[in-house]
There are 2 protein chains.
Amino acid sequence: MTDRVKPRQNTLYVSSLEKGLRILEVFSEDKLELGLTEIARETGLDKSAAQRFVNTLHQLGYLDKNAETRRYRPSLKYLDMAYAYLWSDNLVQLAMPRLIELSRQLQQTINMARPIEQEIMYVVRIPGYRTSYGASVIGRRVPALTASSGRVILSRQDDATIHNCVNEWPLKRYTPWTTMDRGQILESIMVAREKGYCMSLREVLPDEINIAAPICTLDGTPVAAIHCSLPIIRWTMEQAEQEIVPHIVETARSISPPR
Amino acid sequence: MTDRVKPRQNTLYVSSLEKGLRILEVFSEDKLELGLTEIARETGLDKSAAQRFVNTLHQLGYLDKNAETRRYRPSLKYLDMAYAYLWSDNLVQLAMPRLIELSRQLQQTINMARPIEQEIMYVVRIPGYRTSYGASVIGRRVPALTASSGRVILSRQDDATIHNCVNEWPLKRYTPWTTMDRGQILESIMVAREKGYCMSLREVLPDEINIAAPICTLDGTPVAAIHCSLPIIRWTMEQAEQEIVPHIVETARSISPPR
DNA sequence: TAATATGTATTACAATATAATACAAAATGT
DNA sequence: ACATTTTGTATTATATTGTAATACATATTA
């Protein structure tokens, strides 16, 4: 939850739209299906408001209604937005064929992530053998400081920015091995800057090694990262470094978006 | 464009929300980035309205603004919605591991599509070697009568429904070989009903064979389809029928969602 | 450099969204 | 099976919010 910074209430701001969108946004991993009262509670709207907005979204086809339980869930229409985004993101188009080729070559799960606010978001996911469900869904967010993709993107920023982010940005514990020590995270980022890639162990999933390399524009601005997950039972860090890293780094390097 | 059926203007309908969403929806394959005036024109809103809604969406982070050109495009936030949907769709979760396994086994592009209105929409896409960009993006819609997935889903409906849909639903020409003859489409659907799967040739992409099998609930209602694309240069219809079809059909059959 | 198109800002007005309230229909517990 | 609570639906008078007109600023084009 961001602490409700009320966007200045000028006449160019339509707060009805904001409220409606709050309802679209309320559904998540642990809120798959909600009744009217729950929606009201979760969005901070009163019952009447929730009623009106939910009704509107239902009529427009954004929310499916279970006639028996009278609860609502996101409809297929949500995916129209994914399509619009993916089609408008040149980097995705540019990267896609190379990511497919890479996944075929390595026979491993390959992802592309982009920074957003203080997190990274998965934009492309090509599942390998035995990819967990959560790891195959686009739109997933992970705190930038926790994800190897996030760290390697940060590693291309200047010192001041890095220090600032490492101190300010949020962390989230995913496994018993998730690093919660900001000093260690800084260290990890500095190693990534040195080497040009970032490796991590059991940070997000308990049985995975992660390897990430940055995608930068010509002027060096980091705009995304390629990221590979390896099962810990079949790979050591050393093997991964020798056999996988060069391919990830090279593929990332070969993708150079304009601007 | 649907012919603007005004949802009844009762007090439970918030038209501001509708207008705002019209703007989110306006971006598409051929409208990647739009200026204020264009948005006004495309959505049918007047300049003032467009200004207010665009401003709101920009402040909320849904639209990125190019500071130089002052044009807008969908932001990463669009993908939050994809995540919410995918996570709430049980069928996707149920199917995903089997689709991954299938793609590994066949080394081919595997998709899952769901019917929506008069089209089908791709919900899961696991790209194989040399998958085109358009064929790797979720949220893509294709007229149900044109897509093999759509036909195989229809084939599980009763006769009356099928005849009605075949006569009423829209067609779209993608290639010189796209079937525009509704009689032939009906024939194709009837064959699919007989055989339990649907094959098509060059309907959507000029160099592809498509194979689709239906996913049905226990009571026989078709709710989705699995779909495989093969390059025409490497496969004949006969080969495909022998080597690929059984796997697609079996995987589809093995996925039986509740309700 | 002028002319045109496009984006931004301001304001007075009224239409639209609002909150309160009442009613109906389920769900829950005894 | 009944009473009680919770949740969903419908109605209405009121003023808050969104509106359209207009003016100004900034790019783009000729």
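Sequence lines set the chain letters: A, B, ... in the order given, protein chains first and strands last, and positions in each chain run from 1.
Looking at A:R22 and A:E42, no side-chain N of the basic residue comes within less than 4.0 Å of a carboxylate O on the acidic one, giving no salt bridge.
Checking the phosphate oxygens (OP1, OP2) of C:dA17, a side-chain nitrogen or oxygen of B:S16 falls inside 4.0 Å. Phosphate proximity of C:dT16 to B:S15: absent, as no side-chain N or O sits under 4.0 Å from OP1 or OP2. For B:K19, no side-chain nitrogen or oxygen approaches OP1 or OP2 of C:dT16 to under 4.0 Å.
Evaluation of the salt bridge (Lys or Arg N to Asp or Glu O under 4.0 Å) rule for A:E38 yields A:R71 as partners, not counting sequence neighbours. By the ring pair (Phe, Tyr, Trp, His ring centres under 6.0 Å) test, A:Y174 is found to be paired with no residue, residues two or more places apart in sequence or in another chain being considered. Listed by chain and number, the residues in a salt bridge (Lys or Arg N to Asp or Glu O under 4.0 Å) with B:R253 are B:E250 (sequence neighbours excluded). Not counting sequence neighbours, B:P97 has no partner by the side chain to side chain contact (heavy atoms under 4.5 Å, CB included) test. With sequence neighbours left out, the salt bridge (Lys or Arg N to Asp or Glu O under 4.0 Å) criterion links B:R193 to B:D159. In this structure, the side chain to side chain contact (heavy atoms under 4.5 Å, CB included) partners of B:M121, at least two apart in sequence or on a different chain, are A:L76, A:L79, A:D80, B:I116, B:R141.
Nucleotide C:dA26 holds its P atom 13 Å from the CG atom of A:N66, rounded to whole Å. Rounded to an integer number of Å, the gap from CG of A:L63 to P of D:dG8 is 13 Å. In this structure, A:L12 atom CG and D:dA21 atom P are separated by 16 Å, rounded to whole Å. Distance B:H58 NE2 to C:dG7 P: 14 Å, rounded to the nearest Å. Between A:Q51 atom CD and C:dA19 atom P the separation is 12 Å, expressed in whole Å. Atom-to-atom, CZ of A:F53 to C1' of C:dT16 comes out at 11 Å; the value is rounded to the nearest Å. The nearest whole Å value for the distance from the CG atom in B:D46 to the P atom in C:dT6 is 16 Å. Taking atom CZ of A:R71 as the reference point, atom P of D:dT9 lies 13 Å away to the nearest angstrom.
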Check: Using a cut-off of 4.0 Å between protein heavy atoms and nucleotide atoms, how would you tag nucleotides 24-30 of chain D 5' to 3' with B, S and -?
Finding: ---S---
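For the segment residues 32-39 of chain A, residues with any heavy atom less than 4.0 angstrom from an atom of DNA chain D are, sorted by number, A:G35, A:L36, A:T37.
For the pair B:W87/A:L32, a side-chain contact is recorded, criterion being any heavy-atom separation below 4.5 Å from C-beta on.
Residues in residues 91-101 of chain A take part in these salt bridge (Lys or Arg N to Asp or Glu O under 4.0 Å) pairs, two or more places apart or across chains: A:E101-A:R104.
When the nucleotides C:dT21, C:dA17, D:dT9 are ranked by their closest atom to the side chain of A:S48, C:dT21 comes out on top.
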